[in-house]
Asks: 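Below is one structure. I have some questions about it.
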Amino acid sequence: MTDLYIGTAIFIFSYIAIISEKIHKTIIALFGASAMLLLKILDQHEALFSEELGIDYNVIFLLIGMMIIINIMKDTGVFAWVAIRSAKFAKGEPIRIMTTLSVVTAAISAFLDNVTTVLLVAPVTFLICDALEINVVPFLITEAIASNIGGTATLIGDPPNIMIASKAKLEFMDFIYNLTPVIILVMIAYVFTIKWMFGKSLAVRPELKARIMEMKESEAITDPVLTKKSVVVLGLTILGFLFHTPLGFEPTTISLAGAGLLLLVAGKEPHEILEKIEWTTLFFFMGLFIMVGGVVKVGLIKIMAEQALAVTQGNMFATSMLVLWFSAFASAIIDNIPYVATMNPLVIDMAKSLWPNVTEPHALLHKPELMPIWWSLALGACLGGNGTLIGASANVVVAGMSEKAGRKITFMQFTRYGMPLMIESVVICTVYIWIRYYLI
Amino acid sequence: MVKEFDTILPSATVKEAVNMFRCAMRGEERKGVNALMVVDEKGKLAGMITMNHILKAIIPFYMEMAHLSEFAWEGLFERMCCKVQNKPVSDIMEKKLVVVAPHSNLIEIADLMLKHRVRRLPVVENGRVVGIVYRKELFFKIVETMLDKDVCK
């Protein structure tokens, strides 16, 4: 019993410390993890090797693989090429550029991580807005939000999806069949909505459009050979993801294979690439997994799951809605990664409570009544990040860059656009989930 | 060490600094100076500003971030000059300065200059700049020692 209190205390203090942002979250995660071990909530073997309680290496290595690929790709200038090409496609028209860049950002972000996508599209956005002498802030906000939306579409697009896929043993195509359709709908609504929100305020002098049309996007490519190699390897990797089930491999294998292949053909010094991997983020994940493992072991998650079921009385539609909307608002305020790390075992415990006779893991995790819950969690946790400035890292990064340009984006400024857009997207999800999983 | 040198206030504008660069280069005994010590009203060293800092400020930050400088358009350089000229020197100057003390030895000075790739170092005593030591002075010392004096046999 005392273990429950100790474990819960470590967890709550760590969570509060992470939210307060006074100490770097990775430090807290690692410290919290070691507390779990030192106070014997978990033992080392459980922390390192338990599939249920320990570090989820599927997630860690999938992220590593994709980080390697994007690290090699980003210096080739290919993303700048895409962004400039998009602006020219939009014929220098501000509102058309905004919608085109949003769609492009969302598409890239479905395969590569949101923050890096935004970091790659933003400089060109600054360039374009400077050339057209228009305010860059609406573009940055819409790109950040678009990256979060796009990232929700695939298994690899956003860490919450990767984490859910690992714990729920889902496949890449599961996400394509269940989430991509609603994300496409969300993006269509998004494009129309931002057109309506910003359309009137963005006017440009016609002669400035020539500055955009004269840009030769081919000059953005700094390494044509590596660009071709990276694009080919990325393409093969995506094909690998699409067909990983018939091929008989799990997603992480595909990610590592793609990374390995690109490292081989890129011909660069490995330590150059490997030192740019976001180790801080990965160690945060590791510490977090151990901490969550600790509270799973002491039974805190089981208690929370039973509370949640008590609220919804076993009504699965109500549970879906609760998970969707609660996740959305929670994720708007707190980091969605610790949230999803906590929710995954919670959903599993809910399933165990609801169907105690189903003991085979696959059968339990994939029970048709449970599937909408997973999708609600994924949609809510990923899309919720758009609600406020602090909801997603992409938002924070964009605000930081904007401040450097002398145009600070305040919490309220972002939220004024983010919150309505987030609610719009979650409403679309609500209707989708209701129709697809409960009506039909 | 040179004891006569130009200083500028942190609140002075970049335009004023550029003007001082031009004037400073006219003075005979101050030939070759293209850096100004930024000293606050109380006389304490706040930073240093060179033409390179101004050049850096002229390049839009996003172009520096992402190799996009080849996409600059006609007139951008001039426009950025105008944008930068009224900024306070404190926005652009180097704040993290490597300094030496009046009694620092020549090896130490040479080592610092090479490590930080600078051609001048402020000589600071009690937070106040009392002089500037130039890399050229070290060169002169080398020439003097190796060629002129009979120090090395």
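Below, all heavy atoms of this structure are taken into account, side chains as well, without hydrogens, waters or symmetry copies. Each chain gets a letter, A, B and so on, in the order its sequence line appears, and its residues count up from 1.
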Asks: Measuring only between side-chain heavy atoms, which start at C-beta, is B/Ile54 closer than 4.5 Å to B/Val18?
Replies: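 They are in side-chain contact.
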
Asks: Would you please go through residues 113-130 of chain A and name the residues with a non-hydrogen atom below 4.5 Å from one of chain B, in numerical order?
Replies: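 So far as heavy atoms go, A/Pro123, A/Val124, A/Phe126, A/Leu127, A/Asp130 are the residues that approach chain B to under 4.5 Å.
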
Asks: How long is the gap from CG on B/Leu45 to CZ on B/Arg128, to the nearest 0.5 Å?
Replies: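 With rounding to 0.5 Å, CG (B/Leu45) is 11.0 Å from CZ (B/Arg128).
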
Asks: Is it the backbone or the side chain of B/Phe61 that comes under 4.5 Å from a heavy atom of chain A, or both, or neither?
Replies: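 Side chain only.
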
Asks: Does anything in residues 269-280 of chain A reach chain B? List residues with heavy atoms under 4.5 Å apart, or say none.
Replies: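 Those residues of residues 269-280 of chain A which would need a heavy atom under 4.5 Å from chain B do not exist here.
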
Asks: Whether A/Arg205 and A/Glu207 form a salt bridge (side-chain N of Lys/Arg under 4.0 Å from carboxylate O of Asp/Glu) is what I want to check.
Replies: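 A salt bridge links A/Glu207 with A/Arg205.
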
Asks: Find out whether A/Thr142 and A/Leu421 are in side-chain contact, i.e. whether some heavy atom of one side chain is under 4.5 Å from a heavy atom of the other.
Replies: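 With C-beta onward as the side chain, the pair stays apart.
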
Asks: With a cut-off of 6.0 Å (strictly less than), are more than 12 heavy atoms of other residues, nucleotides or ligands near CD of B/Glu74?
Replies: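 No, because the 6.0 Å sphere around CD of B/Glu74 holds 12 heavy atoms or fewer from other groups.
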
Asks: Is a salt bridge present between B/Glu94 and B/Lys56, judged by a nitrogen-to-oxygen distance below 4.0 Å?
Replies: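 Salt bridge between B/Glu94 and B/Lys56, a charged N being under 4.0 Å from a carboxylate O: no.
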
Asks: Tell me, do B/Thr13 and B/Gln85 make a side-chain contact under 4.5 Å, heavy atoms counted?
Replies: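 No; the side chains remain at least 4.5 Å from each other.
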
Asks: Flag the pair B/Leu121 / B/Met113 as yes when at least one side-chain heavy-atom distance between them is below 4.5 Å, and no otherwise.
Replies: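 Counting from C-beta outward, B/Leu121 and B/Met113 do come under 4.5 Å.
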
Asks: Do A/Ile194 and A/Tyr417 touch side chain to side chain, with heavy atoms closer than 4.5 Å?
Replies: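 With C-beta onward as the side chain, the pair stays apart.
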
Asks: Checking B/Lys42 now: which residues fulfil salt bridge (charged side-chain N to carboxylate O under 4.0 Å, His left out) with it, not counting sequence neighbours?
Replies: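 So B/Lys42 forms no salt bridge (charged side-chain N to carboxylate O under 4.0 Å, His left out) with any residue.
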
Asks: Is there side-chain contact between A/Lys91 and A/Lys209, with heavy atoms separated by less than 4.5 Å?
Replies: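 A side-chain contact is absent here, since even the closest heavy-atom pair is not under 4.5 Å.
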
Asks: Among A/Lys404, A/Met215, A/Arg211, which residue forms the greatest number of heavy-atom pairs with chain B at distances under 4.5 Å?
Replies: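 Highest number of heavy-atom pairs under 4.5 Å: A/Arg211.
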
Asks: Would you check if A/Leu226 and A/Lys268 make a side-chain contact, meaning some heavy-atom pair closer than 4.5 Å?
Replies: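 Yes, side chains in contact.
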
Asks: Would you check if B/Val133 and B/Val100 make a side-chain contact, meaning some heavy-atom pair closer than 4.5 Å?
Replies: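 A side-chain contact exists here, since the closest heavy-atom pair is under 4.5 Å.
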
Asks: Within a reach of under 6.0 Å around CD1 of B/Ile107, are more than 12 heavy atoms found that belong to other residues, nucleotides or ligands?
Replies: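 No, the 6.0 Å shell around CD1 holds no more than 12 heavy atoms from other groups.
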
Asks: By number, which residues in residues 64-90 of chain A have some heavy atom less than 4.5 Å away from chain B?
Replies: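 Result: A/Ala80, A/Ile84.
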
